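What you see is a predicted model, and the numbers here were worked out from it, not measured in a lab.
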Amino acid sequence: MRPVDVCEDVATPSQPQTVLPANRSCGATHSRLVICNENGESVGTTSGLGTNHWGIGIPECARRIADMVERCKQEAKIPMDTPLASLGLSLSGCEQEATNRELEQELRNTFPNLSDSYAVSSDTMGSMFTASSIGGMVLISGTGSNCLLRNPDGSTANCGGWGNFLGDEGSAWYISYRAIKVVFDDMDNFEKSPYPIEKIWALIKEHFSIETRYDMLTHCYAKFDKPFFANLCKKLALSAENGDKLALSLFQEAGVHLARMIKSLLPKVSKDLVKSGELGVVCVGSVWSSWNLLEQAFTAELAKMPLPYNLNLVRITKSSAYGACYLGADNAKVTLPRNYADNFTVLHTYTASSCPVKNGLMNKADISETFH
């Protein structure tokens with residue numbers, strides 16, 4: 001059995017003197033690659049630059065992936081001319097089948113000895129399959145936000161993921177943006193803030209090293225840096241923890257937005273996915289570290305409609321590269337041991353609301369009311 005490799009927090013199987021699957025999980029700013037043996041144990045790891053092809057182009061994306069694979073092979077003592085059994089790629093920007101196939105073809109043509117098999121998917125898939133074998137929901141709230149549903153039959157649906165110009169509600173960037181917007185609107189007397197703005201304005205000036213509102217413009221246009229912009233959220237979280245009402249209100253608003261993203265996809269959840277009586281939601285991103293600031297508004301928004309099953313919010317404790325590894329191994333029909341229970345912890349369980357039920361099933365009118 002030969003090793004499998006995956007991009008951006010991915011794991012791949014490998015075995016001494018043979019090549020196994022590898023998995024790689026990659027984002028816009030950084031990537032991580034893991035090679036695993038046939039027992040699912042990591043035998044090599046490395047990291048590299050971001051691999052979002054929308055930002056760097058498919059040829060450069062392929063080159064960065066190949067570079068990481070070669071460095072990881074060295075660590076795992078796999079000969080350079082020995083291809084991996086499978087390369088699982090769970091990458092930011094890989095949401096479309098056409099460009100996924102284009103990336104795979106670029107890898108096959110330019111690096112023919114890299115891998116025998118490829119499984120290219122979005123970064124959300126890596127997170128999802130780290131925690132479950134049948135699918136579920138992934139809700140990302142990091143620098144940006146996105147929500148993806150995958151049913152056992154392979155059908156998918158998403159809400160968000162459109163970037164800061166068109167979305168990113170509930171993300172660190174959006175929380176930071178909203179803080180600045182509320183302060184500016186208050187100072188303009190355009191819309192008064194419900195709470196004092198002085199502490200938040202001080203945080204904004206400190207974070208961006210500015211003195212006046214006009215100094216902020218360069219950070220919004222000529223020198224816009226989304227990750228740096230979003231990092232203001234850390235200071236806002238600390239301020240909220242210390243009792244600032246405006247900062248807390250921003251996280252409450254984020255909690256509402258994240259709950260709405262889940263609600264938007266519930267009508268497309270298949271019965272097979274929730275046969276156990278619960279829907280798994282993998283929560284990814286740094287904003288979930290402030291769950292205590294989100295929880296009240298999040299659960300209050302969910303409570304506005306009845307749910308026929310529990311929502312089990314979990315956070316993965318292993319790199320999403322392992323999910324990419326599982327996908328790569330399955331695609332190559334490589335048997336790879338896995339224990340999903342070891343890969344996550346439960347953040348919160350939202351208990352099912354009472355729904356009108358008849359003979360164990362809700363009628364169409366009740367379903368419409370429940371999910372709309």
**Student:** Under 4.5 Å between any side-chain heavy atoms of Ser239 and Ile200, yes or no?
**Tutor:** yes
**Student:** I need the Asn343 CG to Ser127 OG distance, nearest 0.5 Å.
**Tutor:** 11.5 Å
**Student:** Suppose we screen for salt bridge (charged side-chain N to carboxylate O under 4.0 Å, His left out). Which residues come up paired with Asp330, at least two apart in sequence or across chains?
**Tutor:**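 Counting only residues at least two positions away or on another chain, Asp330 forms a salt bridge (charged side-chain N to carboxylate O under 4.0 Å, His left out) with Arg338.
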**Student:** Quick check: do Leu139 and Leu258 have side-chain heavy atoms less than 4.5 Å from each other?
**Tutor:**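 Sidechains of Leu258 and Leu139: in contact.
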**Student:** Quick check: does any side chain N or O of Ser31 sit under 3.5 Å from a backbone N or O of Leu49, one acting as donor and the other as acceptor?
**Tutor:** yes
**Student:** Would Val281 and Tyr350 count as a side chain to side chain contact (heavy atoms under 4.5 Å, CB included) here? Give the steps.
**Tutor:** CA-CA 11 Å; Val281 181; Tyr350 182 84; over 6 Å; no
**Student:** Has Asp168 got a side-chain atom pairing as donor or acceptor with Ser145's backbone, closer than 3.5 angstrom?
**Tutor:**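 Confirmed, Asp168 side chain pairs with Ser145 backbone.
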**Student:** Please say yes or no: joined through hydrophobic side-chain contacts below 4.5 Å, possibly via intermediate residues, are Leu279 and Ile134 part of one cluster?
**Tutor:** yes
**Student:** Taking transitive links into account, so neighbours of neighbours count too, which hydrophobic residues share a cluster with Tyr214 at under 4.5 Å side-chain distance?
**Tutor:**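 Leu217, Tyr221, which link up through side-chain heavy atoms under 4.5 Å apart, make up the rest of the cluster.
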**Student:** With side chains defined as the heavy atoms from C-beta onward, is the minimum distance between Thr124 and Met137 less than 4.5 Å?
**Tutor:** no
**Student:** Would you indicate whether Lys268, at its atom NZ, is surrounded by more than 12 heavy atoms from other residues, nucleotides or ligands within a distance under 6.0 Å?
**Tutor:**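 Check fails, neighbour count at 12 or below.
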**Student:** Measure the shortest side-chain to side-chain distance between Trp288 and Leu294 over non-hydrogen atoms and say whether it is less than 4.5 angstrom.
**Tutor:** yes
**Student:** Which label fits His219 and Phe208: parallel for a plane angle under 30°, tilted from 30 to 60°, or perpendicular past 60°?
**Tutor:** tilted
**Student:** Using a 4.5 Å cut-off on heavy atoms from C-beta on, say whether the side chain of Leu89 contacts that of Cys94.
**Tutor:** no
**Student:** Mind checking whether Tyr174 and Tyr177 have parallel, tilted or perpendicular rings, split at 30° and 60°?
**Tutor:** tilted
**Student:** Sub-3.5 Å donor-acceptor pair from the side chain of Ser86 to the main-chain atoms of Gly328, do we have one?
**Tutor:**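 Here the side-chain-to-backbone pair exists.
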**Student:** Hey, is the main chain of Ser270 close enough, under 3.5 Å, to the side chain of Asn151 for a donor-acceptor pair?
**Tutor:** yes
**Student:** According to a 4.5 Å side-chain heavy-atom criterion applied to Ile, Leu, Val, Met, Phe, Trp and Tyr, with indirect links allowed, do Trp291 and Leu311 form part of one hydrophobic cluster?
**Tutor:** yes
**Student:** Is the side chain of Asn158 donor-acceptor paired with the backbone N or O of Gly160 at a distance under 3.5 Å, no angle test?
**Tutor:**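 Between the backbone of Gly160 and the side chain of Asn158 there is a qualifying donor-acceptor contact (under 3.5 Å).
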**Student:** Under 6.0 Å between the ring centres of Phe298 and His348?
**Tutor:** no
**Student:** Should Tyr195 and Leu232 be regarded as members of a common hydrophobic cluster, given that ILVMFWY residues are connected when their side-chain heavy atoms come within less than 4.5 Å of each other, either directly or indirectly?
**Tutor:**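 Yes, because Tyr195 and Leu232 connect within a single hydrophobic cluster, where side-chain heavy atoms sit under 4.5 Å apart.
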**Student:** Lys263 versus Lys304: any side-chain heavy-atom pair under 4.5 Å?
**Tutor:**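 Counting from C-beta outward, Lys263 and Lys304 do come under 4.5 Å.
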**Student:** Between the main-chain N or O of Cys72 and the side-chain N or O of Thr46, is there a donor-acceptor pair closer than 3.5 Å?
**Tutor:**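 No, the answer is negative, given that no donor and acceptor are paired below the 3.5 Å cut-off.
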**Student:** Sequence neighbours left out, what passes ring-ring contact (aromatic ring centres under 6.0 Å, His included) with Phe344? Give chain and number order.
**Tutor:**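 Counting only residues at least two positions away or on another chain, Phe344 forms no ring-ring contact (aromatic ring centres under 6.0 Å, His included).
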**Student:** Could you check if a side-chain atom of Lys199 sits within less than 4.5 angstrom of a side-chain atom of Leu246, using non-hydrogen atoms only?
**Tutor:** no
**Student:** Between Ser132 and Gly135 (side chain of the first, backbone of the second, donor and acceptor by atom type, cut-off under 3.5 Å), is there such a pair?
**Tutor:**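 Side chain of Ser132 to backbone of Gly135, a donor-acceptor pair under 3.5 Å: yes, one is there.
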**Student:** Is a side-chain N or O of Asn331 found less than 3.5 angstrom from the main chain of Leu327, in a donor-acceptor match?
**Tutor:** no
**Student:** Determine, for Glu60 against Arg63, whether the closest basic-nitrogen to carboxylate-oxygen distance falls under 4.0 angstrom.
**Tutor:**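 Salt bridge flag = yes for Arg63 with Glu60.
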**Student:** What distance do Asn146 atom CG and Ser171 atom OG have between them, rounded to the nearest 0.5 Å?
**Tutor:**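 It comes to 11.0 Å.
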**Student:** Got a second to check how far Ile58's CD1 is from Thr110's OG1, nearest 0.5 Å?
**Tutor:** 11.0 Å
**Student:** Search all heavy atoms of Pro337 against all heavy atoms of Glu38 and return the closest pair with its distance.
**Tutor:** CD-O, 3.0 Å
**Student:** Decide side chain to side chain contact (heavy atoms under 4.5 Å, CB included) for Cys159 and Glu169; before the verdict, give the C-alpha distance in whole Å, the side-chain angles of both, and the deciding distance to 0.1 Å.
**Tutor:** CA-CA 11 Å; Cys159 175; Glu169 292 87 351; over 6 Å; no
**Student:** Is the side chain of Asp186 donor-acceptor paired with the backbone N or O of Ser193 at a distance under 3.5 Å, no angle test?
**Tutor:** yes
**Student:** I'd like to check Cys220 versus Phe229 (side-chain heavy atoms, cut-off strictly below 4.5 Å). Are they in contact?
**Tutor:** yes
**Student:** Under 4.5 Å between side-chain heavy atoms, counting indirect links through other Ile/Leu/Val/Met/Phe/Trp/Tyr residues: same cluster for Phe224 and Ile210 or not?
**Tutor:** yes
**Student:** Applying side-chain hydrogen bond (donor to acceptor under 3.5 Å, both in side chains) as the test, list every pair that has at least one member in residues 200-209; sequence neighbours left out.
**Tutor:**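 Output for this query lists His207-Lys235.
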**Student:** Could you check Asn100 against Leu103 for side chain to side chain contact (heavy atoms under 4.5 Å, CB included), going step by step and ending with a plain yes or no?
**Tutor:** CA-CA 5 Å; Asn100 290 356; Leu103 174 59; 5.8 Å; no
**Student:** In Å, rounded to the nearest 0.5 Å, how long is the span from CG of Leu293 to CD of Glu241?
**Tutor:**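 Answer for the CG-CD pair, Leu293 versus Glu241, is 4.5 Å.
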**Student:** If every non-hydrogen atom of Thr130 is compared with every non-hydrogen atom of Tyr322, which pair is closest and at what distance?
**Tutor:**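 Minimum heavy-atom separation between Thr130 and Tyr322: OG1-C, 4.0 Å.
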**Student:** Step by step, would you call Gln105 with Arg101 a side chain to side chain contact (heavy atoms under 4.5 Å, CB included)?
**Tutor:** CA-CA 6 Å; Gln105 199 58 49; Arg101 288 194 297 270; over 6 Å; no
**Student:** Just how far is it from atom CE of Met125 to atom CD of Glu95, taken to the nearest 0.5 Å?
**Tutor:** 9.5 Å
**Student:** Which pair of heavy atoms, one from Asn52 and one from Ser92, lies closest together, and at what distance?
**Tutor:**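 Looking at all heavy atoms of both residues, the closest pair is ND2-OG, 2.9 Å.
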**Student:** For Ser47, does its backbone N or O pair with a side-chain atom of Arg71 as donor and acceptor, under 3.5 Å?
**Tutor:** yes
**Student:** List the residues meeting salt bridge (charged side-chain N to carboxylate O under 4.0 Å, His left out) with Lys275, not counting sequence neighbours, and say none if there are none.
**Tutor:**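 In terms of salt bridge (charged side-chain N to carboxylate O under 4.0 Å, His left out), with neighbours along the sequence ignored, Lys275 is linked to no residue.
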**Student:** Hey, could you give me each pair passing ring pair (Phe, Tyr, Trp, His ring centres under 6.0 Å) that has a residue in residues 94-128? Not counting sequence neighbours.
**Tutor:** none
**Student:** Answer yes or no: are there more than 12 heavy-atom neighbours, outside Lys234 itself, under 6.0 Å from its atom NZ?
**Tutor:**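 Atom NZ in Lys234 is not packed in, count stays at 12 or less.
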**Student:** Might you work through the ring pair (Phe, Tyr, Trp, His ring centres under 6.0 Å) test for Phe190 and Phe184, ending with a clear yes or no?
**Tutor:** CA-CA 9 Å; Phe190 178 74; Phe184 275 42; over 10 Å; no
**Student:** Could you pull out the closest heavy-atom pair between Ser122 and Leu148, with the gap in Å?
**Tutor:** OG-CD2, 4.2 Å
**Student:** Of all the heavy-atom pairs spanning Lys73 and Leu114, show the shortest one and how long it is.
**Tutor:** NZ-O, 4.1 Å
**Student:** Show the nearest heavy-atom pair for residues Val334 and Ala85, with the distance to one decimal.
**Tutor:**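 Nearest heavy atoms, Val334 then Ala85: CG2-CB, 4.5 Å.
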**Student:** Group every Ile, Leu, Val, Met, Phe, Trp and Tyr by side-chain heavy-atom contacts under 4.5 Å, then state whether Val284 and Trp162 land in the same group.
**Tutor:**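 Different clusters: Val284 never reaches Trp162 through Ile, Leu, Val, Met, Phe, Trp or Tyr contacts under 4.5 Å.
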**Student:** Please round to the nearest 0.5 Å and tell me the distance separating atom CG of Asn310 and atom OG1 of Thr349.
**Tutor:** 7.0 Å
